[in-house]
Amino acid sequence: MNWAQIGERLAEATGLNALTLGHGIMLGVACFLVYLAVVRRYEPLLLLPIAFGVLLANLPLAGLMEEGGLLFWLYQGVRLGIFPPLIFLGVGAMTDFGPLLANPKTFLLGAAAQFGIFMTFTGALLLGFTPAQASSIGIIGGADGPTAIFLTSRLAPELLGPIAIAAYSYMALVPIIQPPIMKALTTKAEREVVMEQLRPVGKGERVAFPIVVTVVTSVLLPPAAPLIGMLMLGNLFRESGVVERLTTTAQGELINIVTIFLAVTVGATASADRFLTVQTLSIIALGLVAFAFGTAAGVVLGKVMYLLTGGKVNPLIGSAGVSAVPMAARVVQIVGQEAKPGNFLLMHAMGPNVAGVIGSAVAAGVLLAMFGK
Amino acid sequence: MNWAQIGERLAEATGLNALTLGHGIMLGVACFLVYLAVVRRYEPLLLLPIAFGVLLANLPLAGLMEEGGLLFWLYQGVRLGIFPPLIFLGVGAMTDFGPLLANPKTFLLGAAAQFGIFMTFTGALLLGFTPAQASSIGIIGGADGPTAIFLTSRLAPELLGPIAIAAYSYMALVPIIQPPIMKALTTKAEREVVMEQLRPVGKGERVAFPIVVTVVTSVLLPPAAPLIGMLMLGNLFRESGVVERLTTTAQGELINIVTIFLAVTVGATASADRFLTVQTLSIIALGLVAFAFGTAAGVVLGKVMYLLTGGKVNPLIGSAGVSAVPMAARVVQIVGQEAKPGNFLLMHAMGPNVAGVIGSAVAAGVLLAMFGK
Amino acid sequence: MNWAQIGERLAEATGLNALTLGHGIMLGVACFLVYLAVVRRYEPLLLLPIAFGVLLANLPLAGLMEEGGLLFWLYQGVRLGIFPPLIFLGVGAMTDFGPLLANPKTFLLGAAAQFGIFMTFTGALLLGFTPAQASSIGIIGGADGPTAIFLTSRLAPELLGPIAIAAYSYMALVPIIQPPIMKALTTKAEREVVMEQLRPVGKGERVAFPIVVTVVTSVLLPPAAPLIGMLMLGNLFRESGVVERLTTTAQGELINIVTIFLAVTVGATASADRFLTVQTLSIIALGLVAFAFGTAAGVVLGKVMYLLTGGKVNPLIGSAGVSAVPMAARVVQIVGQEAKPGNFLLMHAMGPNVAGVIGSAVAAGVLLAMFGK
Amino acid sequence: MTDELFLGLQTTLVGMGVTFLALSLLVAVSYLVAAAFRPRSTLEQQAAAAPGGPPVAVIAAAVLACLGQTDVRVTAVRRLEEAKAWRQSGRAAQMQARRSTLEKRWR
Amino acid sequence: MTDELFLGLQTTLVGMGVTFLALSLLVAVSYLVAAAFRPRSTLEQQAAAAPGGPPVAVIAAAVLACLGQTDVRVTAVRRLEEAKAWRQSGRAAQMQARRSTLEKRWR
Amino acid sequence: MTDELFLGLQTTLVGMGVTFLALSLLVAVSYLVAAAFRPRSTLEQQAAAAPGGPPVAVIAAAVLACLGQTDVRVTAVRRLEEAKAWRQSGRAAQMQARRSTLEKRWR
Ligand code: NA
Ligand code: NA
Ligand code: NA
């Protein structure tokens with residue numbers, strides 16, 4: 001090699017010449033997301049690695065997400081639909097479905113709150129998105145990260161970055177988004193309803209529950225099986241009480257490892273050319289619509305239940321049906337206590353809250369059945 | 001889309017139309033296995049995820065085990081022969097070969113107990129199984145799950161479900177299967193033999209042991225190398241005392257993660273058309289033969305040793321040679337104490353018990369050498 | 001089958017006939033490495049599994065590293081460049097860059113110490129190695145195992161075994177290699193310099209640091225991005241304080257699992273025909289040169305800083321620039337206290353020490369840019 | 001525009017319909033599960049706690065048949081003794097096998 | 001021989017040059033980072049500790065607009081109350097939700 | 001039928017033969033290992049506990065030769081001092097480097 005050749009080689013290799021304004025803006029976006037995660041504490045477990053993934057994907061010439069790059073390999077776990085169900089395995093191992101078993105009617109609140117998904121789907125269609133893309137945008141309203149990532153990786157992987165970012169950001173903003181809607185749609189009398197204590201739930205029920213939920217939902221709607229199946233396997237580990245080692249691993253090291261890989265690579269799908277579009281702004285706006293309509297629909301069904309039960313159901317718990325576990329249930333608790341200090345709605349809200357996880361997975365199954373390949 | 005098209009799409013998507021009697025029976029089998037695991041505590045660490053795998057594989061149209069499905073991907077770790085050796089890595093990190101080093105003659109009891117494998121092989125041939133299938137059925141008598149799964153995934157993957165279920169079920173039943181055989185084959189005088197205390201084993205021996213075992217068995221019989229090699233690597237981690245982090249991981253999170261993936265996907269090989277056959281019933285019957293003959297052969301060699309040593313060896317410890325660590329060794333302890341309260345045979349039985357793990361891996365190596373592709 | 005066929009089959013299968021002198025010598029090498037790891041405690045976390053990998057790869061006919069073998073599959077994580085960055089993720093989560101942030105000038109000492117890499121590169125060229133091979137040999141002087149393995153897996157995978165063994169062995173020998181060089185190049189007055197205490201470093205700086213380091217180094221030199229990016233992601237997890245779960249996993253179970261797989265398979269690249277060559281001896285000799293020159297260059301720049309700051313910098317801390325964290329920094333402490341008991345240089349040496357990790361990754365990036373495919 | 005709106009409302013209807021159908025089914029099976037387990041739950045747990053059980057005799061008989069043995073009595077008393085010995089052994093094993101506490105059963 | 005030596009020295013020069021360049025840049029940005037964060041660090045942390053903040057009003061307004069609601073007042077006072085209730089609820093939740101302590105948020 | 005029986009018995013013979021051969025070899029090597037380690041085990045451990053050792057002088061000499069240095073004395077006394085200082089440093093380091101306790105060596 002002569003000096004000129006070396007100079008050429010280095011000039012080709014350095015990213016300085018390839019640096020574009022787009023890269024610069026995306027690095028700014030990444031820093032903003034780090035700020036939201038670290039300073040504002042918006043879902044840091046997901047948003048911090050997502051932010052760093054955005055940064056890594058926008059380093060010129062580093063090629064980490066190109067075929068053969070480090071993040072490309074790790075991304076296969078998302079692309080093949082492996083990571084989101086594994087995260088649901090851990091979520092299932094963490095989730096107590098007891099409040100739902102104690103009051104199964106609250107399943108319906110978890111169904112109603114999926115309304116935001118389909119309204120947003122319609123809105124996205126009207127804004128010119130394809131049905132597959134609109135489905136992925138609508139699912140933001142499910143307020144379940146793994147479900148959103150699973151569906152989007154199947155229907156519209158090109159939108160994975162903005163959808164995941166919108167989903168986790170709005171989940172973090174649930175305490176700000178929901179209360180005004182909840183109050184606008186309810187009377188003070190409704191918010192003051194004290195609900196009767198939940199019955200205790202036995203071990204037999206707890207063990208049978210994940211099995212029957214898996215069978216019923218998966219037979220009815222097979223595309224929901226990977227998510228529901230793994231969620232319920234994790235829950236069966238938990239409730240069986242005989243495989244503590246596996247429960248601990250599923251909700252501990254396994255979910256942590258998968259979260260790192262999933263979040264970094266989902267963030268890394270947000271390259272400048274894909275992310276810096278009007279579509280991204282639309283997605284962010286539509287995501288807010290999704291959360292708002294989901295909350296509203298949950299509360300409205302809560303009001304219906306209030307009427308049908310002669311005032312035994314506090315309609316606020318309907319808003320927890322969007323899931324965003326356990327944040328949305330805590331919001332119910334707060335808004336309820338504002339209306340009537342000492343009223344304890346948290347456990348009542350946990351029923352629709354965990355039902356919302358199942359509801360969103362079912363909704364994702366419907367969308368996959370209708371618009372999947 | 002018009003309404004008819006949507007109806008068609010959903011009718012195609014739902015599993016209700018595809019549900020067969022076979023699916024229903026398999027879901028019943030899955031529930032029975034959950035019952036065995038949770039209520040009867042039959043090897044729940046393996047049998048519970050296996051049961052759920054059976055369930056997931058028999059959800060109509062869910063396609064979790066079809067190319068591209070979630071369990072299909074996880075199953076590659078079984079198909080490529082990766083998961084069973086990794087489980088052996090953890091088993092090695094948990095295993096104390098000290099009792100075997102203190103009394104190396106008990107290695108021979110771990111050899112004798114492999115007799116059940118080959119008798120069952122013969123029986124399976126006579127029932128019309130191919131040599132490769134018969135090998136996989138015989139290996140149930142090894143009473144080592146990972147060895148059985150490793151060999152079967154190589155020789156007769158179509159039988160993986162029933163073989164794994166039979167292997168783990170009979171392992172759980174060792175306290176019921178073995179005692180009558182042990183008592184039928186021994187006199188009370190033999191069962192009352194008190195054995196002299198084992199010598200302490202130094203660190204040097206403990207570190208050298210996994211190395212020489214790997215070299216000797218793998219040079220003699222290379223197909224046994226993946227299992228023996230990983231078992232001994234785990235044991236070297238343990239005995240070296242200088243890599244505690246790796247020992248902890250090998251016998252903790254790593255084995256847990258691999259167990260979840262292995263057990264669920266092994267269970268998921270049991271689709272209705274493969275499982276609901278006369279073969280499955282034959283396998284379950286033959287598995288019992290395998291355990292019974294293995295136990296008997298171990299005890300018989302124990303009796304020979306009793307004679308040759310002038311009564312210094314209690315023949316009961318031979319039955320521990322089938323492995324099923326540490327259950328079979330505990331059975332020896334119980335049966336021994338029934339004959340002579342206060343007699344402590346547990347540590348003496350641990351020698352043949354862990355030797356049986358090596359013995360089965362060697363037997364699997366022979367079968368692979370003879371009937372492998 | 002008749003008896004002759006069975007005999008033939010077994011004769012083909014056993015490794016006894018295929019055993020060569022080369023295998024025997026390699027098994028001896030493996031035992032020697034076990035001795036170094038267990039008795040001498042040379043980097044046992046890496047050297048013990050590497051040693052066992054050497055052993056496993058030299059079992060005749062076991063074929064563990066051949067296509068389809070167990071270690072072949074695990075090795076893909078090395079071949080595709082996945083494992084070394086994941087180890088750096090954990091290293092980043094363990095590393096405190098505070099001392100470097102408190103005194104950023106010490107970055108330059110981490111640059112100077114990379115001189116050993118390039119001198120050794122030149123030496124290797126003169127001994128007849130190709131530029132790609134010479135780069136991989138030179139990187140031993142970086143005293144960073146993952147960097148060495150990452151670069152070598154890309155440029156000269158055929159040398160992976162000896163290079164990894166040399167790298168980790170010399171890292172363990174840092175307390176023996178460095179002191180004579182440090183003393184030979186410094187006066188007693190220089191070694192007695194007491195440095196002023198480091199300022200405390202705030203959380204904001206700590207969080208911003210991994211981000212700016214990633215951006216600056218990766219934009220300047222994209223091939224360094226996988227290593228630097230993951231190192232800094234781990235550090236961001238640590239310093240953010242909001243993702244403790246991920247920090248714990250990155251520096252715990254994840255790094256442990258990856259270490260087992262990486263070390264065993266890197267060791268397993270050392271088959272007899274590749275390892276028992278004059279090249280291996282050259283590599284071992286050159287590796288020592290690399291460490292020696294790196295140390296010397298660090299100390300020399302330390303002396304320059306001593307002069308420029310009017311004696312405020314103790315030149316000994318330059319030797320810590322080779323990295324080998326935290327061993328080299330401890331050596332500085334020891335040699336410093338020999339000259340002036342009570343002088344506490346450890347924290348001052350940690351700056352160049354962790355800078356050396358970044359420095360080596362940059363040097364690896366340069367070599368990849370110049371001699372990569 | 002009209003097409004999109006139509007598809008949107010259609011999907012909303014179908015989607016919400018299926019979601020409500022699925023979760024209504026789950027309401028129903030949840031009540032069934034509760035009904036199936038609530039009254040018997042304490043009995044069930046007692047049964048679970050009892051060592052051995054129905055399959056024991058069958059399998060023991062099969063084992064003996066398989067070995068051509070008929071002179072061994074399989075009685076309920078025997079099984080209870082076993083269970084007792086088992087607990088004793090368990091305790092003794094716990095005291096001694098300090099090194100193998102982690103040996104949950106994989107083999 | 002000469003060629004190898006030349007390539008070696010050339011690479012040494014280039015390699016050490018780039019390494020020093022990169023790490024010098026890092027020296028520079030480290031000082032910049034220190035300068036950017038040191039004076040403001042305590043203020044920053046106070047800001048971080050405060051619940052809600054600039055985006056709150058914007059988003060709340062957007063939510064309301066989106067629902068066609070205008071009669072709900074979005075005031076600073078309101079937000080402080082929320083924060084207080086939040087903390088109370090947090091405490092209560094902690095006491096009750098014993099089983100879900102591990103439920104960090106993935107959903 | 002006869003064929004299957006023959007293959008079965010043949011395989012049993014060969015299989016049990018190889019298994020006994022392999023495990024008999026392991027009996028033999030186990031005794032060898034025991035013989036090799038038992039008498040010397042305490043000495044071995046002492047050697048292991050001693051810092052530095054045979055390779056130290058060789059490598060130190062090589063390092064010096066490589067640097068063209070000859071005026072540095074490599075003595076046994078020197079090494080012992082190092083070991084002492086090492087322990088001191090270790091202790092001091094432990095007290096200070098609170099944040100890096102987990103830093104087992106990977107680099
Ligand atoms: Na949801
Ligand atoms: Na066995
Ligand atoms: Na370095």
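So you know, we letter chains A, B, ... as the sequences are listed, proteins then strands, and number each from 1.
Only the side chain of Val29(D) comes within contact range of chain A, judged by heavy atoms closer than 4.5 Å. Residue contact with chain D, scored on non-hydrogen atoms closer than 4.5 Å, involves the side chain of Val216(A) exclusively. Residue Ala112(A) touches chain D through both its backbone and its side chain, counting heavy-atom pairs closer than 4.5 Å.
Contacts between residues 130-140 of chain A and chain D, defined by a heavy-atom separation under 4.5 Å, are made by Pro131(A). Within residues 359-367 of chain A, the residues that have a heavy atom under 4.5 Å from a heavy atom of chain D are Gly359(A), Val362(A), Ala363(A), Val366(A), Leu367(A), listed by number. Residues of residues 297-306 of chain A placed with any heavy atom under 4.5 Å of a heavy atom in chain D are listed by number as Leu301(A).
Legend: side chain to side chain donor-acceptor pair (under 3.5 Å) pairs involving residues 289-301 of chain A, not counting sequence neighbours, sorted by first then second residue: Gln178(A)-Thr295(A).
Distance check: Leu23(D) CG to Lys105(A) NZ gives 14.5 Å after rounding to the nearest 0.5 Å. Distance CG/Leu125(A) to OG1/Thr11(D): 7.0 Å, rounded to 0.5 Å. Once rounded to the nearest 0.5 Å, the distance linking OH of Tyr31(D) with CG of Leu101(A) reads 10.5 Å. To the nearest 0.5 Å, atom CD1 of residue Ile358(A) and atom OG1 of residue Thr19(D) are 12.5 Å apart.
Heavy-atom minimum distance, Met16(D) versus Gln114(A): SD-C, 3.8 Å. Leu126(A) and Glu4(D) make their closest contact through CD2-CB, 3.9 Å (heavy atoms, listed as atom of the first residue, atom of the second, distance). Here the closest non-hydrogen pair linking Glu205(A) and Val33(D) is CA-CG1, 3.8 Å. Considering all non-hydrogen atoms of both residues, Ser24(D) and Leu108(A) come closest at OG-CD2, 3.6 Å. Across all their heavy atoms, Phe107(A) and Ser30(D) have their closest contact at CE1-OG, 3.5 Å. Annotation for Ala208(A) and Phe37(D): closest pair CB-CE1, 3.4 Å, computed over non-hydrogen atoms.
No other option in Ala22(D), Ala28(D), Gly8(D) has as many heavy-atom pairs under 4.5 Å with chain A as Gly8(D).
The shortest side-chain heavy-atom distance between Phe115(A) and Thr12(D) falls under the 4.5 Å cut-off.
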